[in-house]
Number of protein chains: 2
Amino acid sequence: MARKTKAEAAATREALLDAAEDMFMEHGVARTSLEQIARHAGMTRGAVYWHFKNKGDIFRAMLERVRMPFQELVDEIEALEHDVSSLEAIRLACLQGLQRFEQHPRSRRVHAILIHRCEFFSDIDPIAMQQEITDECRDSLYQHLLISKQQHMLADNLSPEVATDLLQAMLSGLFHEWIRDPGRFSIYNRGVPLVNQLIGMMHRQGDPTRKH
Amino acid sequence: MARKTKAEAAATREALLDAAEDMFMEHGVARTSLEQIARHAGMTRGAVYWHFKNKGDIFRAMLERVRMPFQELVDEIEALEHDVSSLEAIRLACLQGLQRFEQHPRSRRVHAILIHRCEFFSDIDPIAMQQEITDECRDSLYQHLLISKQQHMLADNLSPEVATDLLQAMLSGLFHEWIRDPGRFSIYNRGVPLVNQLIGMMHRQGDPTRKH
DNA sequence: TATTTTACATTCAATTGTGTATGGAAACGT
DNA sequence: ACGTTTCCATACACAATTGAATGTAAAATA
């Protein structure tokens with residue numbers, strides 16, 4: 001086979017990753033062979049083994065295309081809306097995150113694969129990856145809820161730890177149920193009232209900035 | 001090989017399912033062969049193919065050993081504690097459910113496998129199974145929260161639909177994070193404050209039966 | 001322009017898992 | 001007690017993947 005331009009080679013690499021996404025989503029990671037990925041991208045396994053070491057390497061590369069740390073969302077919000085309370089920033093960041101997932105089909109598909117379409121293989125541990133994402137999100141939430149507590153914005157009987165666990169668990173559960181079948185409902189439409197209600201209930205009573 | 005007693009045969013069947021649990025948990029469903037299952041049970045594939053049609057059949061049988069519908073929990077609570085409000089019954093049922101998972105290692109392991117250690121295969125669709133369990137739990141929650149609302153026990157600005165989604169998402173998220181690595185924390189210890197806090201916040205203000 | 005490297009396709013060897021067919025001895029029904 | 005069925009081990013044939021080896025023509029490089 002003739003050699004390709006650097007740009008062309010990069011394009012086939014992306015095409016292979018796209019094909020991998022399709023096949024992983026449709027048949028699961030374990031049951032898609034490298035042959036299927038190559039064929040679906042219009043190539044042969046030669047191309048796959050040139051660009052990637054093995055299936056695990058493809059998987060890793062696929063994930064790297066969609067990284068979106070939660071902290072970035074908060075940072076964006078705080079940069080955009082300047083004069084907003086920390087609790088309000090969290091609320092907006094959550095809503096923004098929901099919207100992101102709904103709008104970026106690739107991100108949605110890759111997360112669906114990570115959560116529901118793969119198990120162990122080679123040196124890849126999807127559960128550890130989920131841990132990492134979750135922990136990062138939790139840490140970020142906790143930092144901001146701690147500040148909210150110090151600013152006396154949280155209800156008196158609500159510790160920042162419990163608030164963090166509560167919000168984290170709710171978001172995680174919502175996400176899991178949605179990602180199981182994204183066509184079933186809109187995560188944004190269902191999530192907005194949940195986030196508003198929960199954060200509203202977390203607010204200290206009588207606080208003039210309280211939302212519900 | 002010599003024929004076994006009916007009781008002995010039933011015992012090897014159980015042993016095969018135990019072995020399957022171990023291997024599924026350790027290596028994932030896709031990457032465990034029937035040979036491994038048989039060997040780990042001290043048998044050969046002949047025994048496996050005698051008792052089960054194929055790997056999917058083993059999986060199905062494994063699941064049937066741990067069914068535990070949420071509604072049963074509520075029924076138990078309502079049978080046990082007679083003079084209790086509907087909202088309080090839900091709270092107790094949730095706590096009871098958490099305790100069950102913590103106490104029954106088999107149930108925990110099988111659910112961990114269902115959620116994190118398997119993907120598609122043959123005619124088994126673990127995602128659909130999760131849907132089924134989730135929907136069943138949601139329906140049960142909704143029925144009881146609807147009654148709570150009619151009894152004016154829920155906060156005025158809280159609809160039974162949002163309350164259901166909230167509680168369901170929180171429980172689901174908590175469960176997912178715990179099942180990912182059950183050794184990391186106790187789902188009961190972390191869950192109790194979350195359930196109490198959330199249900200406490202759902203209570204109508206000024207209600208004398210309010211918990212926090 | 002000559003040489004080297006790149007970007008694949010093709011082929012090969014080896015492994016692994018599956019389903020089935022066969023065999024045998026003991027348990028079971030009668 | 002006898003034939004029949006059961007429970008499992010063993011053996012076999014087959015398909016599916018994988019990784020690596022090899023080939024090759026064009027792009028990059030000098």
Side-chain angles (χ1 to χ4, degrees), chain A residues 1-20 22-24 26-62 113 117-124, chain B residues 1-62 113 117-124:
Chain A
M1 190 69 179
R3 182 181 176 181
K4 301 290 182 63
T5 310
K6 277 181 294 181
E8 285 174 325
T12 66
R13 193 190 126 99
E14 295 300 302
L16 287 174
L17 289 178
D18 289 344
D22 283 352
M23 295 292 99
F24 287 167
E26 195 170 349
H27 303 113
V29 174
R31 296 180 68 80
T32 71
S33 65
L34 301 185
E35 175 76 21
Q36 286 175 30
I37 294 175
R39 287 307 210 189
H40 193 251
M43 317 245 157
T44 70
R45 265 170 53 245
V48 171
Y49 275 104
W50 173 254
H51 285 284
F52 307 98
K53 189 184 172 192
N54 49 30
K55 200 197 279 186
D57 200 31
I58 296 178
F59 192 79
R60 215 186 322 267
M62 188 187 72
I113 292 170
R117 297 294 203 275
C118 77
E119 49 189 60
F120 289 118
F121 67 103
S122 67
D123 58 339
I124 296 291
Chain B
M1 191 69 179
R3 179 179 177 181
K4 301 291 181 63
T5 310
K6 276 181 294 182
E8 285 175 326
T12 66
R13 193 192 127 100
E14 295 299 304
L16 287 173
L17 289 178
D18 289 344
E21 269 189 39
D22 282 351
M23 296 292 99
F24 287 167
M25 191 64 186
E26 195 171 347
H27 304 113
V29 175
R31 296 181 68 80
T32 71
S33 64
L34 300 185
E35 175 76 20
Q36 288 174 30
I37 293 175
R39 287 307 211 188
H40 192 252
M43 316 246 158
T44 69
R45 268 172 49 247
V48 172
Y49 275 105
W50 172 255
H51 285 284
F52 307 99
K53 190 183 171 190
N54 49 29
K55 200 197 281 183
D57 199 31
I58 296 178
F59 191 79
R60 215 188 318 269
M62 188 187 71
I113 292 170
R117 298 293 201 276
C118 78
E119 48 190 57
F120 290 118
F121 68 102
S122 66
D123 59 339
I124 296 292

Legend entry - Within residues 32-47 of chain B: residues closer than 4.0 Å to DNA chain D (heavy atoms): B:Met43, B:Thr44, B:Gly46, B:Ala47
Inset, instruction - For the pair A:Glu119 (side chain) and A:Ala30 (backbone), establish whether a donor and an acceptor sit closer than 3.5 Å, ignoring hydrogens and angles. - result: no
Inset, instruction - Please state whether the phosphate of D:dC7, meaning OP1 or OP2, lies under 4.0 angstrom from any side-chain nitrogen or oxygen of B:Trp50. - result: yes
Legend entry - Whole-Å distance separating the OH atom of B:Tyr49 from the P atom of D:dT10: 17 Å
Inset, instruction - Enter the distance from B:Phe52:CZ to B:Met62:CE here, rounded to the nearest 0.5 Å. - result: 10.5 Å
Inset, instruction - Establish whether the base of C:dA27 is bridged to the side chain of B:Arg3 by a donor-acceptor pair shorter than 3.5 Å. - result: yes
Legend entry - DNA chain C-proximal residues of residues 6-28 of chain B, any heavy atom under 4.0 Å: B:Lys6
Inset, instruction - Take atom NZ of B:Lys55 and atom C1' of C:dG17, then tell me their distance rounded to the nearest Å. - result: 9 Å
Legend entry - Separation of A:Ile58 CD1 from A:Lys53 NZ (nearest 0.5 Å): 13.0 Å
Inset, instruction - Return no unless some side-chain N or O of B:His51 is found under 4.0 Å from OP1 or OP2 of D:dC8. - result: yes
Inset, instruction - Kindly say whether B:Ala7 contributes a backbone atom to a donor-acceptor pair with the side chain of B:Thr5 at under 3.5 angstrom? - result: no
Inset, instruction - Without swapping roles, check the side chain of B:Thr12 against the backbone of B:Ala15 for a donor-acceptor pair under 3.5 Å. - result: no
Inset, instruction - Would you give the length of the straight line joining atom OG1 of A:Thr32 to atom CD of A:Glu26, rounded to the nearest 0.5 angstrom? - result: 10.5 Å
Inset, instruction - Report, as yes or no, whether the 6.0 Å neighbourhood of atom CZ on B:Arg60 holds more than 12 heavy atoms from other residues, nucleotides or ligands. - result: yes
Legend entry - Spatial distance of atom CE (A:Met23) from atom CD1 (A:Ile113) [nearest 0.5 Å]: 10.5 Å
Legend entry - Atom pair distance, as rounded to whole Å: CZ in B:Phe52 and P in D:dC8: 10 Å
